[in-house]
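Some notes on the structure that comes next.
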Amino acid sequence: QVQFVESGGDSVQPGGSLRLSCVASGFIFSDYGMGWFRQAPGKERDLVARINNIGGIMTYADSVKGRFTISRDNDKNTVYLQMNSLEPEDTALYYCNAMMLNNNFPRYNAWGQGTEVTVSS
């Protein structure tokens with residue numbers, strides 16, 4: 001079945017950096033775009049970045065543009081999120097999922113456990 005395993009979250013000070021990883025299985029990874037989502041306490045899960053299936057097209061939420069970079073390695077079934085200049089507002093659980101082709105909805109109902117990012121001084 002479809003599975004996502006996220007890792008790399010940590011507690012950092014404002015201005016710090018983290019690199020998140022997500023290993024996917026149960027589907028043909030290279031056929032689908034991938035996305036990183038985040039959910040802050042008491043808020044809905046929102047898309048922060050997506051990348052197309054071959055890694056040539058990336059889009060970002062306005063709140064993370066210029067600070068976050070999404071990438072993928074199709075040989076490793078892995079998608080990454082490099083996060084720089086972290087702000088307290090980036091504090092959230094971060095998840096990945098495959099993406100629907102023509103909208104910003106996740107493709108699968110299955111979610112991983114997420115990886116926790118806390119930005120605080």
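Everything numeric here is computed off the predicted structure, so don't read it as measured data.
- The shortest heavy-atom contact between G114 and L93 is C-CD2, 4.1 Å.
- Residues R38 and S63 form a side-chain contact, since some pair of their non-hydrogen atoms from C-beta on lies under 4.5 Å apart.
- The CH2 atom of W36 lies 15.5 Å from the CZ atom of R50; values are rounded to the nearest 0.5 Å.
- Every residue two or more places apart in sequence or in another chain was checked for a side chain to side chain donor-acceptor pair (under 3.5 Å) with D46, and none qualifies.
- In this structure a side-chain-to-backbone donor-acceptor pair under 3.5 Å is missing from Q3 to G26.
- Side-chain N or O atoms of T78 include none that pairs as donor or acceptor with a backbone N or O of V23 at under 3.5 Å.
- Two residues are said to be in side-chain contact when any heavy atoms from C-beta on lie closer than 4.5 Å; M99 and R107 fail this criterion.
- Residues Y32 and A98 approach most closely at CB-CB, 4.2 Å, considering heavy atoms.
- Summarising the geometry, atom OH belonging to Y95 is positioned 10.0 Å from atom OG1 belonging to T115; distances are rounded to the nearest 0.5 Å.
- Looking only at atom types and distance, the side chain of S17 has a donor-acceptor partner in the side chain of N84 under 3.5 Å away.
- Looking only at distances, no side-chain donor or acceptor of N77 sits under 3.5 Å from a matching main-chain atom of S25.
- With sequence neighbours excluded, the residues satisfying side chain to side chain donor-acceptor pair (under 3.5 Å) with N74 are R72.
- Using a 4.5 Å heavy-atom threshold, the side chains of V117 and M83 count as touching.
- Side-chain heavy atoms closer than 4.5 Å link hydrophobic residues (I, L, V, M, F, W, Y) into clusters, and following such links, possibly through other members, connects Y94 to V2.
- Between atom OH of residue Y60 and atom CZ of residue R67 there is a gap of 12.0 Å, rounded to the nearest 0.5 Å.
- Grouping the Ile, Leu, Val, Met, Phe, Trp and Tyr side chains by contacts below 4.5 angstrom, directly or via other members, places F68 apart from Y80.
- No side-chain heavy atom of S120 sits under 4.5 Å from any side-chain heavy atom of S11.
- Using a distance-only test at 3.5 Å, with no hydrogens or angles considered, no donor-acceptor pair links the side chain of D31 to the main chain of N53.
- C96 contributes atom SG, which lies 12.5 Å from atom CD1 of I51 (distance to the nearest 0.5 angstrom).
- Ring geometry, F4 versus Y108: the interplanar angle falls from 30° to 60°, so the pair is classed tilted.
- Not a single donor-acceptor pair under 3.5 Å links the side chain of Q39 to the backbone N or O of A92.
- To the nearest 0.5 Å, atoms CG (L86) and OG1 (T118) are separated by 10.5 Å.
- Atom CG of residue L81 and atom CE of residue M34 lie 11.5 Å apart, to the nearest 0.5 angstrom.
- With contacts defined as side-chain heavy-atom distances shorter than 4.5 Å, the pair E6/L20 does not qualify.
- Between F37 and W111, the gap from one ring centroid to the other is short of 6.0 Å.
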